[in-house]
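Everything below concerns the one structure shown next.
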Number of protein chains: 2
Amino acid sequence: MARGTAERVLDEALTAFGTRGFAATSLDDLAGGVGVTKQAILYHFGSKEQLLEAVIDRSVAELVELYDGVARGTTTGLARVEAVVRTTFAVAARRPELLGLLRQVSRLGDPHTPRLARGMHDLLERACAHLVREMDEGRLRRHEPRLLLLTAYSAVMGVATEPEVMRAMGVEPSLKSMARARREMIVFLRAALTPVS
Amino acid sequence: MARGTAERVLDEALTAFGTRGFAATSLDDLAGGVGVTKQAILYHFGSKEQLLEAVIDRSVAELVELYDGVARGTTTGLARVEAVVRTTFAVAARRPELLGLLRQVSRLGDPHTPRLARGMHDLLERACAHLVREMDEGRLRRHEPRLLLLTAYSAVMGVATEPEVMRAMGVEPSLKSMARARREMIVFLRAALTPVS
DNA sequence: CCCTCTACTTACCAGTTGGTAAGGCGACGT
DNA sequence: ACGTCGCCTTACCAACTGGTAAGTAGAGGG
């Protein structure tokens with residue numbers, strides 16, 4: 001019991017909810033994966049819904065910390081945009097379930113999506129403020145910051161987390177092609193964001 | 001029985017699978033919505049999986065026909081890109097479940113995603129060939145066509161089909177804000193695709 | 001030695017799941 | 001009038017769902 005049952009349940013649930021989805025995952029599945037009984041999960045988390053909330057909270061905290069670190073560590077303008085994109089691709093490669101959970105939860109609706117949104121709100125506001133500042137100072141081409149963020153988020157998330165769609169396009173997902181997709185994404189964003197001089 | 005039970009089941013299943021998801025939808029739900037019993041569905045489609053396949057096939061056929069029409073009806077270069085984006089936003093507004101199904105099925109894996117991919121393959125190849133032609137003739141800035149398609153697909157799909165994410169960003173989804181998102185998306189794509197002269 | 005608390009397990013439950021078997025019923029051909 | 005065919009229903013079923021109740025093994029304190 002090195003890592004504690006509760007922690008291991010959270011890990012297993014994050015993976016399952018983020019890839020197969022919440023409805024498609026049963027408590028018995030999770031329990032089997034961890035090596036305990038379903039009732040051990042219910043002991044720690046009360047219900048399946050509360051387990052999901054715990055998974056969301058932990059994942060949001062991790063993502064917020066990660067991207068705050070990126071924002072602290074990098075410079076301005078396009079360099080920061082690039083750093084965020086690189087980080088997102090890195091997360092997609094190393095912990096795809098984290099981004100998958102965002103996808104899944106954003107489709108679940110009432111109690112859960114707002115919870116996620118609340119958790120991400122401050123981070124997104126900071127990102128928006130940063131974009132506006134950079135545009136004001138002429139280091140980024142002017143776009144509506146929220147819709148720009150949404151567009152870039154969608155594009156990066158899609159490319160980074162939908163290998164099936166890549167395969168459908170005739171691109172076999174691999175480390176090499178992901179790296180290429182990341183490069184192409186940065187070229188694309190640079191083309192759209194470089195200020196017209 | 002104006003439209004036939006089977007057709008109405010397909011409609012109901014498309015809506016449910018495309019919004020709530022395949023696993024989260026039971027045959028009893030569908031049957032209740034249509035006003036028949038679950039066994040009537042199984043009579044027509046054999047099993048839940050076969051029903052999903054029928055829904056996928058019909059939706060793919062509809063999308064292929066739609067986008068082929070757009071490709072036939074419009075000109076070249078950016079105008080065609082814009083027409084495709086406009087069409088996608090129109091579909092997202094009028095029949096969100098169609099795009100939702102794509103999303104959902106692309107996460108289901110083995111038998112279903114490849115089936116969707118096969119159905120879309122020819123359309124995507126034609127789109128790729130068109131992009132390459134336009135780039136060769138200098139009407140679009142050069143990008144890797146498949147990754148460009150994937151990027152644009154992800155961006156448009158994300159903005160068009162994830163109102164929850166919009167709400168999380170502080171943009172209340174409405175007809176007006178959707179139109180604005182569409183405009184901003186076209187500006188964004190134009191910025192990235194206008195050839196450097 | 002016993003009490004208590006944590007962290008589980010075994011036993012169970014009612015409701016729901018996808019799926020089968022058999023039968024009814026109206027239309028249609030003969 | 002009679003078969004039969006397409007379309008659907010009633011009646012089931014075993015497996016699984018999330019969740020409850022009760023009991024238990026072990027650690028730590030008094």
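Computed over heavy atoms, backbone and side chain alike; hydrogens, waters and symmetry mates excluded. Protein chains get the first letters and strands the later ones, always in sequence-line order, with residue 1 at the start of each.
Under the 30°/60° scheme for interplanar angles, the aromatic rings of F22(B) and F17(B) are found to stand perpendicular.
L30(B) places its CG atom 16 Å from the P atom of dT16(C), with the value rounded to the nearest Å. Straight-line distance from the CG atom of D28(B) to the P atom of dG18(C): 7 Å, rounded to whole Å. Rounded to an integer number of Å, the gap from CG of L27(B) to C1' of dT9(D) is 16 Å.
Dense packing is recorded around CD of E172(B), with more than 12 heavy atoms of other residues, nucleotides or ligands lying under 6.0 Å away. Residue R141(B) qualifies as enclosed at atom CZ: its count of foreign heavy atoms under 6.0 Å is above 12.
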Dump the pairs, protein N or O against N or O of nucleotides 10-15 of chain C, anything under 3.5 Å, distances to one decimal.
unit_1: dA11(C); atom_1: N6; unit_2: Q39(A); atom_2: NE2; d: 2.9

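Residues of residues 40-59 of chain B that place a heavy atom closer than 4.0 Å to DNA chain D, in numerical order, are A40(B), Y43(B), H44(B).
Ion pairing between a basic and an acidic side chain is recognised when a charged N comes within 4.0 Å of a carboxylate O; E53(B) and R58(B) show no such pairing.
Remark: the Y67(B) side chain and the T88(B) side chain contain an N/O donor-acceptor pair separated by less than 3.5 Å.
By the ring pair (Phe, Tyr, Trp, His ring centres under 6.0 Å) test, Y153(B) is found to be paired with no residue, residues two or more places apart in sequence or in another chain being considered.
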### Task
Tell me, with the steps shown, if R133(A) and R139(A) meet side chain to side chain contact (heavy atoms under 4.5 Å, CB included).
CA-CA 9 Å; R133(A) 212 179 315 123; R139(A) 281 195 287 270; over 6 Å; no
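Rounded to the nearest 0.5 angstrom, L99(A) CG and F89(A) CZ are separated by 10.5 Å.
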